[in-house]
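In what follows, a structure is listed as structure tokens, so that the remarks can point back to it.
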Amino acid sequence: MNEVLLLHYEIRGGDFIHAGESSGHVKNILKRLGFHPNLIRRTAIAMYEGEINMVIHAGGGTADVKITPEQIEIRLADHGPGIKNLDLAMREGYSTASDSVRELGFGAGMGLPNMKKYADDLKIRTAVGKGTTVSILTKVSRNQG
Amino acid sequence: MSEFYHSVTLNSESCKGCNNCMKRCPTEAIRVRNGKAHIITERCIDCGECIRVCPNHAKQAVSDPLSRISDFPYSVALPAPAFFGQFKNLDSLDQVLTALKQIGFQDVFEVSRSAETVSRYTEQLMKSDRLNRPVISSACPAVTRLIRVRFPNLCRNVLPLLPPVEIAARMARREAVQKSGLNPEQIGIFFISPCPAKATYIHMPLGTEKSEIDGVLSINDVYLEIVGIISRIEHPEPLSQSSRIGVGWAGSGGEASVLPSDNYLAADGIENVIKVLSEIEDDKLDTLDFIELDACCGGCVGGVLTVENPYVAKSRIQKLLKTLPSSRQQHRDEVPSSALWTVPLEYVPVMKLHDDVATAMKMMKQIEDLVQEMPGLDCGSCGAPACRAFSEDVVRGLASRGDCIFKRREQVQRLVEELSSLENYLPPPFRKPEDEDGAEKED
């Protein structure tokens, strides 16, 4: 039987001060569970980037985390504006963040590239005007041996 | 010696079982049981926050009595830089050093002297690309221990250099052997410490198997011994070999600000330290070169074994710095391997729920469910610092659900409701037509 731990978070849009609380919570839980430090790091950073994206671009959304002893799946879903050009968005340094957001120190165009870098699998489904769902997968096997 | 030595201990007689220390502990290492605070030893990092907040002075730091210096034919005092900030109207460091010799030490060796050495070594190490950026200072043992138990990914960022006090101990012993002609083991090396974390360090050193320090005296004990003498010293011996760089280590920022790179951050106070460490962990401070972290507010002048308010002490240190040469040591081209760590810093997962991930996950599920049921007031009446910590204790089998007074109250309320429904119950022959509704309904 495979053990599964599910976590759910509501992420508020525009709340830059508290952005990162969900990924911080997941990080602490993973430490308690005894996962490899590198897996914890990769998962926490990838989720943080996704969380921030929803805060900046999508007016918030939800995060669902599914932890098993083998892997961690994070599904970030929003009803925001969607991503017009996904290829461009995956490029380092490309961002559609507004000036006011950039003034806060966000919108460096590293969100999706970082997610790709740290995740073992990244799936993005997006529809302009409807929203975006990002699925991040990190695997325990990558940190073994 | 047991696996965990702590210099922070509890005086049970003075402890009233209040929850001040428990709420303040940064590693949730304290529980109140049977009216007394208990320290979970593997979690304690000896930061001394509990000593600071205890209104009954029940939390203490173990240090050696001054009489121990006579166990050795030749004893050397190693005053921490913060020591100099404790005295009013000091004209020079020599007054304090001379006074130390008058109370029984054969010699003195200022830790600020080796602090300058460590600054030079750090500068040199930073030039090479061998260190992971940002480099985190290893000078505060409470911070280093905190990283070891809570920030597994940052162990590799910690500067692998022995702290100034350890380097001072080694240099002092060598010097004393030369001066006295005695054997190294006949020399007693005594650190005058601002904090319990450094007192713990000599029993459980970081980065090395064994510390060269023979004993730790607290700043407040030694202060009382010499404060009266100092004003009477008319001709202090010219003993000081410290510079501004070294003595500046007494306060937060003193270590980082003398490095060539301006790209540094210095944080003090354990809560600020934790925030900074979390940010480093999330790659948010990856553009910085160096990070100095001090568990105590204000840096070492804020240590719990000091006498003076940290801000007053810092102000005095600022004044004393003006009397000192800016530096006394040359730049170093090489860092001797004797100054480097021989024991790497390794993650000690004391917060881990279980060795088996699947079991840990089961436990975590129960914890998360229990947290939802909890009142969320973090009142501490259950003897745990927060509802989440309590939930964890319950699942670990260290507490029982009914220890929560709010959970207990719900039970009582249910009982009262049941009693009142029993009380109102009338058997059918005694009911009136209008009472039919009041009859007990079968579930």
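Treat the numbers as computed from the prediction; the structure is a model and nothing was measured. Here is the naming used below: chain letters follow the sequence lines, and residue numbers restart at 1 for every chain.
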task = Measure distances from B/Glu281 to the heavy atoms of chain A and classify the residue's part below 4.5 Å as side chain, backbone, both or neither.
result = both
inquiry  = I'd like to know if the side chain of A/Arg41 and the backbone of A/Tyr118 have a donor-acceptor N/O pair within less than 3.5 Å.
reply    = no
inquiry  = Please identify, among A/Val4, A/Leu6, A/Ile40, the residue contributing the most non-hydrogen atom pairs under 4.5 Å to chain B.
reply    = A/Val4
query = Hey, which of B/Ile367, B/Val350, B/Thr359, B/Asp282 has the most heavy atom pairs under 4.5 Å with chain A?
reply = B/Asp282
task = Could you tell me whether a side-chain N or O of B/Asn132 sits under 3.5 Å from a main-chain N or O of B/Arg156, the two making a donor and an acceptor?
result = yes
inquiry  = I'd like to know if the side chain of B/Glu292 and the backbone of B/Ala256 have a donor-acceptor N/O pair within less than 3.5 Å.
reply    = yes
ask   = Are A/Met115 and A/Asn53 side-chain neighbours, meaning at least one heavy-atom pair lies under 4.5 Å?
value = yes
inquiry  = With chain A as the partner, which of B/Met361, B/His354, B/Glu392, B/Lys352 has the greatest number of non-hydrogen pairs under 4.5 Å?
reply    = B/Met361
ask   = Checking heavy atoms, do the side chain of A/Ile67, its backbone, both or neither come under 4.5 Å from chain B?
value = both
task = Using atom types as modelled and distance alone, determine if a side-chain donor or acceptor of B/Asn19 lies under 3.5 Å from a backbone N or O of B/Cys379.
result = yes
query = Under 3.5 Å, side chain of B/Asn263 to main-chain N/O of B/Thr287, donor-acceptor pair present?
reply = yes
message = So which residue, B/Glu368, B/Arg150, B/Met363, ends up with the most heavy-atom pairs under 4.5 Å with chain A?
response = B/Glu368
ask   = Looking at B/Cys155, B/Ser278, B/Pro349, B/Pro152, which one has more heavy-atom pairs under 4.5 Å with chain A than the rest?
value = B/Pro152
